[in-house]
Amino acid sequence: MAEVLVYVDHVDGAVRKPTLELLTLARRLGDPVAVALGAGAGATAGVLAEHGAVKVLTDEAAEYADYLVVPKVEALQAAVAAVSPVAVLVPSSAEGKEVAARLALRITSGIITDAIDVEAGESGPVATQSVFAASFTTRSIVTTGVAVITVKPNSAPVEAAPAAGTVEALTVTFSAQATGTKVTGRTPRESTGRPELTEAAIVVSGGRGVNGAENFAVIEALADSLGAAVGASRAAVDAGWYPHSNQVGQTGKSVSPQLYIASGISGAIQHRAGMQTSKTIVAINKDAEAPIFDLVDYGVVGDLFDVVPALTAEVSTRKG
Amino acid sequence: MSLRIVVTVKYVPDATGDRHFADDLTVDRDDVDGLLSELDEYAVEQALQIAESSDDEVEVTVLTVGPEDAKDALRKALSMGADKAIHVEDDDLHGTDAIGTSLVLAKAIEKAGFDLVVSGMASTDGTAGIVPALVAERLGVAQVTLLSEVAVADGAVSGRRDGDAASERLSAALPAVVSVTDQSGEARYPSFKGIMAAKKKPVQAWDLSDLGIEAGEVGLEGAWTKVEAAAERPARTAGTIVKDEGEGGKQLAEFLAGQKFI
């Protein structure tokens, strides 16, 4: 059977969920071969094997952490040469897309970014994308070379499918270009204990209606009761009430959770572009005319400072 | 010493308009007004700030690839303070994908001459955010992308890149390709003086032959990807909307429990 390369996103050997989702999609196209790079790469093999990787190619060179993007491109290029895959799947993070793009150019292949689904087609993999603030859905193929496709988090279920997961060392020789951009410092983001925004199954967001940084505690309390990530609209971020890393929208992050709860967010196109593909959408807003209500599965017209704490209390009671 | 900065900008369909696909599945540009991509305004701003804070002679050139109307995007950048503009326009560019766009940009940047390329983190229409990386690959220079802070000194560019897991400090020798996020600093509004001055600034027009690119390398024919189908997303079925009269939170919990979220 044909092989499919899957780029592994991990932190010191802990594989992030979007990679496991990619393994589900990869199995539709062929036998997944995972590529894990950097410190802890070898430690990823167990979980990758449980989720369908027939082989895990690893290289723990320091270059992956010390220089930006290009060392990873060169490793994937070496993996493509070693395996001759029918497709390369990469998580659609900002860095994942950059790595995938440069790889595509190097191996003379087309690239499709931000796919929300991938399936086998007559002339190779077919990728579904959601475009124009999710008002259109497109289906695209790569016509030149190997299909290089980046896939958004939450696009496929994580399924166990035990496979061999044989670990093999990947031999990578770095070019002069690989060391062009040096990482001179790194400050890990402080953990909030909440799930990462782009991969969370539930996102609770606050906007202008939250009316102050201190009031975000109300949004956080609901998020914690549901085990959700916290998001914020651009208005809330620009006002300095919540960090930019939590901004959902066209210039922030694009999320596609199972459940999205918008509180005090009117639903400008800028925000909708970042959350419209959420499976179930709920909004709480004082203004019955707010455009967000056009998108919702369930909406409450009311003061978020009444509704959200009441909901939080109810969730906590039910979860007991 | 002098520093040549090329800022790549894109003319995009207004996101508040009703965007559609044309019959050939390219973006229909006729039905929606265009404008300078908001994220590229931050790139223009950072280029101007680098120029203003430098002791060297700095020239800021804005470059766009696009149809006739794309001149509007160049004019906006010139009125903000860029020195000159280059417009690559050619009928054969219709339907060019990101890989093809990076080819045209790289050829034009090489022809213009550069020490630093500054781009927005992504366009507000395609939103992929891969063109700066592709241009760096094409030019064979360092990629210093997604910066929320950028500085140029002593022949090197440095900055801060805020990722999901960590915030990184980056550094590379020039020449380099930089992309900046909307956190890099608010873009200035063109002054009346700037708008008047922009009218007199030179806009150079190049086509594919000026760049030594064959028609078949770009456009729909030269694209390495193909959109096979585009469908308007079915309108969401109208949801349940209740007015909170004291029970709103409870009702919402009931709905979430019914959907198995609780």
Side-chain angles (χ1 to χ4, degrees), chain A residues 11 68-69 93-95 97-98 101-102 104-105 109-114 132-145 177 180-189 196 202 244-245 250-251 259 269 280 282 293 295-302 306-307 310-311 314-315 318-319, chain B residues 15-16 19 21 38-39 97-99 102 124 127-130 133-134 137-138 140-146 158 162-172 182-183 223-233 236 239-244 248-253 255-257 259 261-262:
Chain A
V11 180
L68 190 72
V69 171
S93 62
E95 184 186 71
K97 290 196 282 189
E98 292 184 330
R102 294 188 72 140
L105 194 49
S109 297
I111 173 165
I112 297 171
T113 53
D114 294 322
F132 295 162
S135 59
F136 275 79
T137 304
T138 61
R139 287 165 60 83
S140 301
I141 57 167
V142 166
T143 53
T144 300
Q177 253 198 38
T181 306
K182 197 166 176 33
V183 178
T184 56
R186 179 176 284 118
T187 314
R189 195 169 285 290
E196 215 279 308
I202 302 178
H244 178 255
S245 52
Q250 197 169 32
T251 56
L259 171 64
I269 184 78
T280 298
V282 166
F293 285 123
L295 303 180
V296 300
D297 297 286
Y298 198 92
V300 180
V301 179
D306 295 330
V307 178
L311 174 59
E314 191 65 26
V315 172
R318 284 174 189 248
K319 284 198 165 173
Chain B
T16 58
R19 294 174 291 177
F21 284 91
E38 185 198 329
L39 289 164
D97 65 0
I99 293 270
S102 71
T124 54
T127 69
I130 60 174
L134 288 170
E137 175 73 32
R138 297 255 189 207
V141 302
Q143 165 193 343
V144 196
T145 46
L146 297 169
S158 60
D162 296 324
D164 286 342
S167 179
E168 294 169 330
R169 305 281 334 175
L170 304 176
S171 169
D182 60 338
Q183 295 301 292
W224 293 356
T225 52
K226 182 169 185 268
V227 180
E228 291 202 309
E232 195 154 8
R233 202 166 190 258
R236 278 183 171 265
T240 309
I241 295 180
V242 299
K243 193 167 163 21
D244 177 38
K250 220 169 200 167
Q251 288 166 296
L252 183 45
F255 169 78
L256 294 180
Q259 303 284 315
F261 287 115
I262 307 177

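Numbered from 1 within each chain, the chains take letters A, B, ... in sequence-line order. What you see below is based on every heavy atom in this structure, not just the backbone, and it leaves out hydrogens, waters and symmetry mates.
Of the listed residues Ser158(B), Ala98(B), Ala133(B), the one with more heavy-atom pairs under 4.5 angstrom with chain A than any other is Ala133(B). Counting heavy-atom pairs under 4.5 Å between each of Ser140(A), Pro188(A), Ala310(A) and chain B puts Ser140(A) at the top. The residue among Ala166(B), Ala142(B), Ala231(B) with the most heavy atom pairs within less than 4.5 Å of chain A is Ala231(B). Comparing Lys243(B), Gln183(B), Arg138(B) by how many heavy-atom pairs each has under 4.5 Å with chain A, the most go to Gln183(B). Counting heavy-atom pairs under 4.5 Å between each of Thr181(A), Val282(A), Ile269(A) and chain B puts Thr181(A) at the top. Contact count against chain B (heavy-atom pairs under 4.5 Å) is highest for Leu295(A) among Asp114(A), Leu295(A), Val11(A), Asp306(A). Contact count versus chain B (heavy atoms, under 4.5 Å) is highest, among Lys182(A), Gln177(A), Lys319(A), for Lys182(A). Interface summary for chain A: among Ile130(B), Val242(B), Leu170(B), Ile262(B), the most heavy-atom pairs under 4.5 angstrom belong to Val242(B). Comparing Ala223(B), Ala253(B), Ser171(B) by how many heavy-atom pairs each has under 4.5 Å with chain A, the most go to Ser171(B). Highest contact tally toward chain A, considering only Ser102(B), Gly248(B), Ala128(B), is held by Ala128(B) [criterion: heavy-atom pairs under 4.5 Å]. Most heavy-atom pairs under 4.5 Å with chain B: of the set Ala104(A), Ser109(A), Ser93(A), Ala94(A), this distinction falls to Ser109(A).
Heavy-atom distances place both the backbone and the side chain of Leu134(B) under 4.5 Å from chain A. When heavy atoms are compared at a cutoff of 4.5 Å, Glu228(B) approaches chain A by way of both its backbone and its side chain. The contact between Asp182(B) and chain A is made entirely by side chain atoms (from C-beta outward), counting heavy-atom distances below 4.5 Å. For a residue to count as touching a neighbouring chain, one of its non-hydrogen atoms must lie under 4.5 Å from one of that chain's; by this rule Thr143(A) touches chain B with backbone and side chain alike. Leu252(B) touches chain A through backbone and side chain together, each having a heavy atom under 4.5 Å away. For a residue to count as touching a neighbouring chain, one of its non-hydrogen atoms must lie under 4.5 Å from one of that chain's; by this rule Val183(A) touches chain B with backbone and side chain alike. Both the backbone and the side chain of Gln251(B) have a heavy atom closer than 4.5 Å to some heavy atom of chain A.
Contact record, Gly302(A) with Asp244(B): CA-CB, 4.0 Å, taken as the closest heavy-atom pair. The minimum heavy-atom distance between Ala15(B) and Gln250(A), with the atom names listed, is CB-NE2, 4.0 Å. Closest heavy-atom contact between Gly180(A) and Ala172(B): O-CB, 3.4 Å. Closest approach of Arg318(A) to Ala257(B), counting heavy atoms only: NH1-CB, 3.4 Å.
At least one side-chain heavy atom of Gln143(B) sits less than 4.5 Å from a side-chain heavy atom of Arg102(A). The shortest distance between side-chain heavy atoms of Arg169(B) and Thr187(A) does not fall below 4.5 Å. Residues Ile99(B) and Leu105(A) meet the side-chain proximity criterion, which asks for heavy atoms closer than 4.5 Å.
Side-chain atoms of Thr225(B) never come within 3.5 Å of backbone atoms of Ile141(A) as a donor-acceptor pair (strictly under, hydrogens ignored). Although no hydrogens or angles enter the test, the distance criterion places no donor-acceptor pair under 3.5 Å between the side chain of Arg233(B) and the main chain of Thr137(A).
The line from OG1 of Thr144(A) to CG of Asp97(B) is 8.5 Å long, rounded to the nearest 0.5 Å. With values rounded to the nearest 0.5 angstrom, Gln259(B) atom CD is found 9.0 Å from Leu259(A) atom CG. Rounding to the nearest 0.5 Å gives a distance of 12.0 Å between NZ of Lys250(B) and CG of Leu311(A). Separating the OG1 atom in Thr280(A) from the CZ atom in Phe261(B) is a distance of 4.0 Å, to the nearest 0.5 Å.
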(message) Run Val144(B) and Leu68(A) through side-chain contact (heavy atoms from CB on, under 4.5 Å) and show every step you take.
(response) CA-CA 8 Å; Val144(B) 196; Leu68(A) 190 72; 5.6 Å; no
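A side-chain N or O of Glu98(A) and one of Thr145(B) form a donor-acceptor pair less than 3.5 Å apart.
Relative orientation of the Tyr298(A) and Phe255(B) rings is parallel, given thresholds of 30° and 60° on the angle between their planes.
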